[in-house]
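Below is one structure, written out as structure tokens; comments come after it.
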Amino acid sequence: MATTDPSGAGQSRRDYQSVLNWIEKKIQPELTKGRVATYIPALARVPKSKFAMAVYGIDGSVAAIGDADEPFSIQSISKVFTLMMALRQMGTHLWQRVGREPSGNRFNSLVQLEYEKGIPRNPFINAGAHVVTDCVLAHEPKGRQAILQEMRLLAKNRKIYFDREVARSERETGHWNAAIAHFLKAHGNLRGDVDKVLDAYFHQCSIAMSCHDLARAGLFLANGGRDVGTGDAVTTAQRAKRINALMMTCGLYDAVGNFAFHVGIPAKSGVGGGILGIIPGVLTVAVWSPGLDGSGNSLAGVKALELFTTRIGKSVF
Ligand code: GLN
């Protein structure tokens, strides 16, 4: 691979493309190893053979492989964007209602929430995301639609949509999330109507986006909070730094330590098999492979990101 700049920041589109082409071959044996999420039919029927990656550099470079234009269920990756919205609305007041420590538990743990008296460990476990969504709804007259609009704006794609089937089955099977939300309400940490918060949460999880969309939508996090095209502030540089820090420490649930060890970048995963990774000051990388590991993270996705950061010689460490 031709490297134009040892820091990696100056790597050209062609360099990233050749790295992705190499990963596409290398990753094939991994695609069969994971288990597709089965808690709702719409996720259970996604073929395990699907694989895609897209890389967007803050210098305008773009590279992609596989089904990178095909929308998939972003699920918990949406939590990054609702967090950004809640911080915009409430600033540091948000931190009175949600913590900033890794959970070391599964993403939907109830036990931990009981020990910690209704203050979720961080905004990326389900309990924390419910509080964040409650905050967003309190400030947004358009309700859940505001979340979709934000995603369309950031990804520069007006076709991004709520997958109604996914949202409906999330609600039908969402007893665990409902338990978390009611528990938060009992502790006074959910201000709005529980059903409205759950409805918005299930819809944000159901948003369908492609790897191209996700990598574009996250680009402000690699660019000090600013839109790469216009230079306008999406969020402040400090908040971008903090969101990246939370992705680094909490973005892959109880597998976050291993991910930092092997991949070494801030990232957020979802049970749809997507992962969005950020290399601050350089690029975003989105990967999609529906087969999950035991922690609910894309098995081949994690491996592909490890190959990527290793091959380009760039991480936050
Ligand atoms: N909809 C899923 C849930 O709430 C999202 C979880 C995830 O992507 N980790 O359980």
Side-chain angles (χ1 to χ4, degrees), residues 34-46 71-83 98 102-113 120-134 136 144 147-148 151 162-184 190 194-209 211 214 218 246-247 249-256 259 267-277 286-299 301-302:
R35 293 187 52 192
V36 174
T38 51
Y39 70 99
I40 55 172
L43 291 185
R45 63 168 176 263
V46 180
F72 60 91
S73 195
I74 66 167
Q75 293 290 329
S76 285
I77 304 172
S78 63
K79 294 169 184 173
V80 173
F81 300 95
T82 47
L83 172 63
V98 59
S103 71
N105 274 306
R106 275 196 69 78
F107 59 81
N108 54 7
S109 172
L110 264 168
V111 172
Q112 188 165 47
L113 196 57
R121 266 290 168 100
N122 67 64
F124 294 153
I125 52 172
N126 285 14
H130 291 174
V131 171
V132 168
T133 299
D134 181 45
V136 170
R144 70 186 193 208
I147 301 171
L148 182 62
M151 296 313 303
F162 289 131
D163 184 324
R164 304 281 170 185
E165 187 198 343
V166 172
R168 191 174 355 100
S169 2
E170 292 278 350
R171 187 167 47 238
E172 281 163 12
T173 60
H175 304 296
W176 207 279
N177 277 310
I180 292 173
H182 281 284
F183 197 78
L184 289 166
L190 213 79
V194 173
D195 288 335
K196 283 214 177 91
V197 174
L198 284 169
D199 173 72
Y201 173 77
F202 292 141
H203 275 82
Q204 76 179 61
C205 286
S206 84
I207 292 176
M209 291 170 72
C211 279
L214 267 178
L246 287 161
M247 289 171 83
T249 52
C250 313
L252 276 88
Y253 313 112
D254 50 343
V256 80
F259 187 82
K268 183 75 204 79
S269 64
V271 291
I275 306 174
L276 171 63
V287 60
W288 175 44
S289 168
L292 307 178
D293 62 19
S295 298
N297 301 313
S298 170
L299 190 147
V302 171

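Any value given below was found using the heavy atoms of this structure, including those in side chains, with hydrogens, waters and symmetry copies removed. Counting starts at 1 for both ligands and their atoms, following the listed order.
The S76 neighbourhood of ligand 1 comprises atoms 5 (C), 6 (C), 7 (C), 8 (O), 9 (N), with distances under 4.0 Å to a heavy atom of that residue. Short contacts between ligand 1 and C205, defined as distances under 4.0 Å to a heavy atom of the residue, involve ligand atoms 1 (N). Heavy-atom proximity to Q75, at under 4.0 Å, picks out these atoms of ligand 1: 1 (N), 2 (C), 5 (C), 8 (O). Near Y201, meaning under 4.0 Å from any of its heavy atoms, are these atoms of ligand 1: 3 (C), 4 (O), 5 (C). Atom numbering of ligand 1 starts at 1 in the shown order; those under 4.0 Å from a heavy atom of Y39 are 1 (N), 2 (C). Counting atoms of ligand 1 from 1 in the listed order, those under 4.0 Å from a heavy atom of G270 are 8 (O). Listed by atom number, the atoms of ligand 1 under 4.0 Å from N177 heavy atoms are 3 (C), 4 (O), 10 (O).
Of the candidates L292, N108, N126, N126 brings a heavy atom nearest to atom 10 (O) of ligand 1.
The shortest heavy-atom contact between K268 and Y253 is NZ-OH, 2.9 Å. The two residues G174 and F202 make their nearest non-hydrogen contact at CA-CZ, 4.0 Å. For the residue pair L190 and A181, the shortest heavy atom distance occurs at CD2-O, 3.7 Å. In this structure, Q112 and S109 approach most closely via the heavy-atom pair N-OG, 3.4 Å.
At least one N or O atom of Y253 sits closer than 3.5 Å to an N or O atom of ligand 1. Considering backbone and side-chain N/O atoms, K79 never comes within less than 3.5 Å of an N/O atom of ligand 1.
When only modelled atom types and interatomic distance are considered, Q204 and T133 share a side-chain donor-acceptor pair under 3.5 Å.
In this pair, W288 and F72 present their aromatic rings parallel. The plane angle is below 30°, not in the 30 to 60° band.
The shortest distance between side-chain heavy atoms of D254 and F107 does not fall below 4.5 Å.
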